[in-house]
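Working notes, beginning with the structure itself.
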Amino acid sequence: MAASSTDTGVPDRRGPARYLWWVIVSQPQRVLLGALLGTVWMVCLTLPPYVLSRAIDDGLRTGDRSALVGWCAALFGIGLLNAWLAIMRHRTMTRIRLDAYFRTVRVVVDHATRLGAALPRRVSAGEVVTIGHSDVGVISQTLTVTGPGVGAVIAYFVVAALLLSVSPLLAGVVLVGVPLLAVLIGPFLGRLQGAESAYRERQGALAAILGDLAGGLRVLNGLGGKAVFAARYREGSHRLRDEGYRVGSSMSWIQAFSIGLPTLFLAAVTWLAARMAAQGDITVGELVAVYGYVAVLVLPVTFLIEGSYDIGRGLVAARRVVDFLNLAPGAWKASARAEPVPGPKEPSVLRDPLSDVEVEPGLLTALVSARASDGTDIVDRLGRFTSSLATWGSVRLDAVALDEVRTRILVADNEADLFAGTLRAALSGRCAPDEEAIARAVDAAMARDIVLGLPDGLDATLDSQGRNLSGGQRQRVRLARALLAEPEVLLAVEPTSAVDSHTEANMATRLRTARAGRTTLVTTTSPLVLDQADVVHYLVGGRVTATGSHADLFARHPDYRRLVSRGTGEGAENEDHEAEEQNAAARRTRPHPATEPTHEALR
């Protein structure tokens, strides 16, 4: 059974109530059918008391056997009808809830995909999981009000009309008493909604801490910080428990009232009807009918109370979903309102005015800074992951359609996700490259030994985030994946920081060869990589202070020389000798073309 169509439509993100309404109107025929079945079922529940009263008055009291048998047969038929209506109502409401569930899951997953690499910067993984599991379930449950909830309202008026035919006094008591029940429960519903909101906030924050704790457990052990994070989680868990007690307290009062008040109301109306029967104002059959009507009324009243409770929880959950859907991939909402313009047709200069960095097309450009965050910030701006005035050729980067930017400009960093699956799938992503292309990318990233070292080669299984690989192996897999994508512009953050110098030198050489003629930007302080760059920008305080080749900057700028030499603090008299040694080491570690590995082992 398909819960909904493949096309989810455009969700209404203007508020939680509007989102819930969008979920409802996205399946109008099914909702109307559910409301119809729920209404007919509720109304038909009022028929057995009437038929029973007729069987008593027309059959038992008068001794008319044929009338008694007829009314009993009618009662049996109505029971069968109610059973069939209950089954169909439940099936229809299940479809409605599943549609709402999977529709919301789809829009959340689709938006998470659109956010891409910006997602971890905007919201924690724990919050996304909580939204995608808990909140969507609450939203789907809220749609129950479209079936039995609508039927409960109509059944309330039907019961009042039936009681009016018996006694105007009893009808008046019912018409006044049911709204009074809602007024009594209203304050608890408001309190519950506030407690639910606070509980959800703490739940998302606690899930984020747990994700950090689990993801960095090995690092935390090494730094001795596991106890600190565990203490934070314990404290957050205690606060969440206290909020859970508040939620549970409100829920217990609501449930107590939803069962207790209708029961007391039933007792009061029955007592009043019994007095009227004793005084001869109504017959015995009518007394039985009144009891049946009010007993049936307990069910609609319970549905109304639970529906109000579900709506309150649904608004809280929908608010979380709407807040997530309103997250933009970057902070350029103003320009996003304008009609997107096409990007430059030919490879063009990427320029970041804030730092004065220019990335020329077809060249390998390197950014060098004492603070790694300076280079990362520039990559984020040029990759359109943060708001900026960056330009691409003659157009503003944030004016270009985001899909085009993501297709042509690829940001590769060392925090990129590696999903559980085969190594081939981790490298290929959504593409379907041939074996030759995979082999070239693997060789260019110096990842051939990874493939050969795994039991099944490219078909070997990787754990989530590549946890069964070392840090250097994960880095090379990520680089191979970026090279295999063959973007027009590649922005790589420290692509060789976790490998040894021999591997690093080979990676730098092969990166230059693999990206020959295409635009590439790397952030690094490694002289082995910098020696391969066409242009090097030296950054101080996040701005370009010098531009040139690695050899030129190494000779002319002592600060640059100390930085890329991974400064030993020895005097300036040793700097020229260090520069000569670094250049000689880089030349020695470059592989001779004759020793380049082939692709045969990967085929």
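Residues: numbered from 1 along the sequence shown.
Within the 4.5 Å cutoff, the side chain of Val564 has heavy atoms near those of the His550 side chain. You'll find the side chain of Glu358 stays beyond 4.5 Å of the side chain of Leu350, heavy atoms only. Using a 4.5 Å cut-off on side-chain heavy atoms (C-beta onward), Val477 and Ile450 make contact. Looking at Leu427 and Val442, their side chains come closer than 4.5 Å, going by heavy atoms from C-beta outward. With contacts defined as side-chain heavy-atom distances shorter than 4.5 Å, the pair Val357/Leu539 qualifies. A 4.5 Å side-chain heavy-atom check between Val349 and Trp392 finds every atom pair outside the cut-off. Two residues are said to be in side-chain contact when any heavy atoms from C-beta on lie closer than 4.5 Å; Arg481 and Leu418 meet this criterion. A heavy-atom distance below 4.5 Å is not found between the side chains of Met507 and Ser526.
The two residues Asp398 and Ser388 make their nearest non-hydrogen contact at OD2-O, 3.6 Å. A pairwise comparison of heavy atoms in Leu397 and Arg381 identifies CD2-O, 3.5 Å as the closest pair. The nearest pair of heavy atoms linking Leu382 to Ala390 is CD2-CB, 4.2 Å. Closest approach of Thr422 to Leu458, counting heavy atoms only: CB-O, 3.9 Å. The minimum heavy-atom distance between Val23 and Ala100, with the atom names listed, is CG1-CB, 3.4 Å. The nearest pair of heavy atoms linking Ile139 to Ala317 is CG1-CB, 3.9 Å.
When atom types are taken as modelled, the side chain of Arg543 and the backbone of Leu354 share a donor-acceptor pair closer than 3.5 angstrom. Put simply, the side chain of Thr391 never gets that close to the backbone of Arg396: no donor and acceptor are under 3.5 Å apart. Formation of a donor-acceptor pair under 3.5 Å by the Gln473 side chain with backbone atoms of Ser470 is found in this model. Glu360 places no side-chain N or O within 3.5 Å of a backbone atom of Val535 that could act as its donor or acceptor partner. Using a distance-only test at 3.5 Å, with no hydrogens or angles considered, no donor-acceptor pair links the side chain of Asp531 to the main chain of Pro527. Ser369 contributes no side-chain N or O that, together with a main-chain N or O of Ala372, makes up a donor-acceptor pair within less than 3.5 Å. Arg18 contributes no side-chain N or O that, together with a main-chain N or O of Arg13, makes up a donor-acceptor pair within less than 3.5 Å. When atom types are taken as modelled, the side chain of Arg512 and the backbone of Gln532 share a donor-acceptor pair closer than 3.5 angstrom. In this structure, His111 contributes its side chain and Leu327 its backbone to a donor-acceptor pair below 3.5 Å. Between the side chain of Asn468 and the backbone N or O of Asp463 there is at least one donor-acceptor pair closer than 3.5 Å.
Salt-bridge formation is not detected for the pair Asp413/Arg478: no Lys NZ or Arg NE/NH1/NH2 atom is positioned less than 4.0 Å from an Asp or Glu carboxylate oxygen. At a threshold of 4.0 Å, the pair Asp374-Arg371 counts as salt-bridged, since one of the basic side-chain nitrogens sits closer than that to a carboxylate oxygen. A salt bridge links Glu435 with Arg424: the closest approach of a Lys/Arg side-chain nitrogen to an acidic carboxylate oxygen falls below 4.0 angstrom. Contact check on Asp449 versus Arg476 returns a salt bridge, with a Lys/Arg side-chain nitrogen under 4.0 Å from an Asp/Glu carboxylate oxygen. Asp403 has no carboxylate O lying under 4.0 Å from a charged side-chain N of Arg406, or vice versa, which leaves the two without a salt bridge.
Atom CG of Asp323 sits about 12.5 Å away from atom OH of Tyr19, to the nearest 0.5 Å. In this structure, the separation between CD on Glu504 and OG1 on Thr509 is 10.5 Å, given to the nearest 0.5 Å. In this structure, the separation between NE2 on His537 and CD1 on Ile378 is 9.0 Å, given to the nearest 0.5 Å. In this structure, the separation between OG1 on Thr513 and CZ on Arg440 is 13.0 Å, given to the nearest 0.5 Å. With values rounded to the nearest 0.5 angstrom, Arg408 atom CZ is found 7.5 Å from Ser348 atom OG. Here the CD-CG distance, from Glu486 to Leu484, works out to 7.0 Å after rounding to the nearest 0.5 Å.
Side-chain N/O atoms of Ser355 and Asp352 include a donor and acceptor closer than 3.5 Å. Side-chain N/O atoms of Asn506 and Thr503 include no donor and acceptor closer than 3.5 Å. A donor and an acceptor atom, one from each side chain of Ser497 and Gln475, are located under 3.5 Å apart.
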Audit row: Phe385, Val411, side chain to side chain contact (heavy atoms under 4.5 Å, CB included) steps and yes/no:
CA-CA 9 Å; Phe385 287 108; Val411 173; 3.4 Å; yes

For side chain to side chain contact (heavy atoms under 4.5 Å, CB included), just list the numbers for Ile409 and Leu491, CA-CA rounded to whole Å, side-chain angles, deciding distance to a tenth of an Å, and then say yes or no.
CA-CA 8 Å; Ile409 301 176; Leu491 310 177; 3.9 Å; yes

Does Leu483 form a side chain to side chain contact (heavy atoms under 4.5 Å, CB included) with Leu490? I'd like the steps, not just the answer.
CA-CA 8 Å; Leu483 295 175; Leu490 174 61; 4.1 Å; yes

Please assess Asp559 against Arg562 for the test salt bridge (charged side-chain N to carboxylate O under 4.0 Å, His left out), listing each intermediate value before the final yes or no.
CA-CA 5 Å; Asp559 291 339; Arg562 280 191 290 269; 2.4 Å; yes

Would Thr104 and Val321 count as a side chain to side chain contact (heavy atoms under 4.5 Å, CB included) here? Give the steps.
CA-CA 8 Å; Thr104 301; Val321 172; 4.2 Å; yes

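None of Phe324, Trp22, Phe102 except one satisfies the side chain to side chain contact (heavy atoms under 4.5 Å, CB included) rule with Val107; the exception is Trp22. Of the options Leu511, Val536, Leu530, Leu367, a side chain to side chain contact (heavy atoms under 4.5 Å, CB included) to Val522 is made by Leu511 and by none of the others.
Ring geometry, Tyr538 versus Tyr560: the interplanar angle exceeds 60°, so the pair is classed perpendicular (tilted spans 30 to 60°).
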